[in-house]
Amino acid sequence: MEMNQQERLQKAFPKLLSRIDEEIEELRYLAVVDVNEYDPEIDDDFDEINPDDYNYMVYLPERVSKAIGEELLKRLPEIIVEEGIFENFLASEEDLFGVKDASDREEEVAMKLLAVIEKQLD
């Protein structure tokens, strides 16, 4: 029998999910990853996250920020850089990152980031 998304997430991130009270049924509830389609002609927000340098924007929802705690949230950018999981990485805000990754799937980017978080949790 094939695992559903919720079961796959539980298997991949048991420590993180044990810290979140609500049911998580989709990966996007843990990390929102979008292709960075910033256009400097139109967008004045996120002007530091240039799509040439960062092909994805990653946002950690509040439920994840609370679950991992302020200390880990503050150290996370440094840990991600040390892990070397992305070609390029920028912490634009505490919970918003620009990443450059060869993957053409947002899910892979989210899984890489969440695996680093999971590894840090007790």
Side-chain angles (χ1 to χ4, degrees):
M1 192 167 111
E2 191 177 315
M3 281 193 284
N4 66 27
Q5 176 80 343
Q6 188 174 3
E7 291 167 333
R8 279 196 298 275
L9 293 174
Q10 185 61 49
K11 186 173 182 177
F13 312 114
K15 293 184 240 172
L16 176 59
L17 291 179
S18 73
R19 296 168 172 234
I20 298 174
D21 292 334
E22 58 198 286
E23 278 194 31
I24 302 298
E25 298 170 359
E26 292 183 38
L27 184 58
R28 201 162 172 82
Y29 295 165
L30 297 175
V32 179
V33 180
D34 291 317
V35 173
N36 185 8
E37 299 178 307
Y38 160 77
D39 180 346
E41 300 292 319
I42 302 168
D43 303 318
D44 54 357
D45 291 339
F46 310 121
D47 53 346
E48 65 184 356
I49 305 178
N50 185 320
D52 295 335
D53 299 324
Y54 311 100
N55 57 339
Y56 291 104
M57 292 175 52
V58 181
Y59 170 72
L60 291 179
E62 187 176 346
R63 71 177 61 86
V64 173
S65 299
K66 285 181 176 179
I68 67 174
E70 198 171 319
E71 184 183 325
L72 178 54
L73 189 61
K74 286 187 183 335
R75 288 188 7 249
L76 193 56
E78 181 183 325
I79 293 166
I80 290 168
V81 170
E82 284 173 12
E83 290 282 326
I85 57 171
F86 300 119
E87 294 172 38
N88 211 352
F89 178 83
L90 172 73
S92 178
E93 294 174 20
E94 194 173 65
D95 56 2
L96 178 68
F97 313 119
V99 303
K100 176 101 172 174
D101 191 81
S103 172
D104 59 356
R105 295 185 49 234
E106 290 93 339
E107 296 83 13
E108 286 181 32
V109 175
M111 294 295 280
K112 284 182 183 181
L113 177 71
L114 292 167
V116 168
I117 291 172
E118 180 73 13
K119 201 162 94 173
Q120 298 298 316
L121 299 175
D122 298 330

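We count residues from 1, following the sequence as given. Computed from a prediction, not measured in an experiment: that's the story for all the values here.
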(Q) Considering only residues two or more places apart or on different chains, which pairs with a residue in residues 93-122 satisfy ring-ring contact (aromatic ring centres under 6.0 Å, His included)? (A) Phe89-Phe97
(Q) Test of understanding: with salt bridge (Lys or Arg N to Asp or Glu O under 4.0 Å), list the residues that count as partners of Glu70, not counting sequence neighbours. (A) Lys74
Q) Can you name the residues that form a salt bridge (Lys or Arg N to Asp or Glu O under 4.0 Å) with Glu108, not counting sequence neighbours? A) Arg105
Which atom of [X] lies closest to which atom of [Y], heavy atoms considered:
{"X": "Asp52", "Y": "Asn50", "answer": "N-OD1, 2.7 Å"}
{"X": "Val35", "Y": "Glu106", "answer": "CG2-OE2, 3.3 Å"}
{"X": "Arg28", "Y": "Val33", "answer": "NH1-O, 3.5 Å"}
{"X": "Ala12", "Y": "Pro14", "answer": "C-CD, 3.4 Å"}

Q. Should Arg75 and Glu71 be marked as a salt bridge (charged side-chain N to carboxylate O under 4.0 Å, His left out) after you check the CA-CA gap, both sets of side-chain angles, and the distance that decides it?
A. CA-CA 6 Å; Arg75 288 188 7 249; Glu71 184 183 325; 3.5 Å; yes
For [X], check side chain to side chain donor-acceptor pair (under 3.5 Å) against everything at least two apart and list the hits.
{"X": "Arg19", "answer": "none"}
{"X": "Lys100", "answer": "none"}
{"X": "Lys66", "answer": "Glu62"}
{"X": "Gln10", "answer": "none"}

List, one per line, each side-chain donor-acceptor pair under 3.5 Å for residues 76-88, sequence neighbours excluded.
residue	atom	partner	partner atom	Å
Glu83	OE1	Lys119	NZ	3.0
Glu83	OE2	Lys119	NZ	3.1
Glu87	OE2	Ala102	N	3.2
Asn88	ND2	Asp53	O	3.3

Does some side-chain heavy atom of [Y] sit less than 4.5 Å from a side-chain heavy atom of [X]?
{"X": "Val99", "Y": "Tyr54", "value": "no"}
{"X": "Lys15", "Y": "Asp122", "value": "no"}
{"X": "Leu113", "Y": "Met111", "value": "no"}

**Q.** Which residues share a side-chain contact (heavy atoms from CB on, under 4.5 Å) with Glu26, sequence neighbours left out
**A.** Tyr29
**Q.** Residues in side-chain contact (heavy atoms from CB on, under 4.5 Å) contact with Ser65, at least two apart in sequence or another chain
**A.** Leu60, Leu73, Asp95
Q. Does Asp21 CG have over 12 foreign heavy atoms under 6.0 Å away?
A. no
Q.
Nearest 0.5 angstrom please: Glu107 CD to Lys112 NZ, how far?
A. 13.0 Å
Q: Measure the spacing between CG of Leu30 and CD1 of Ile117 and express it to the nearest 0.5 Å.
A: 8.5 Å
Q: Go through the steps to decide whether Glu22 and Arg63 satisfy the test side chain to side chain contact (heavy atoms under 4.5 Å, CB included), and finish with yes or no.
A: CA-CA 9 Å; Glu22 58 198 286; Arg63 71 177 61 86; 3.2 Å; yes
**Q.** Of Asn36, Val109, Leu90, Val32, the residue whose pairing with Met57 passes side chain to side chain contact (heavy atoms under 4.5 Å, CB included)
**A.** Asn36
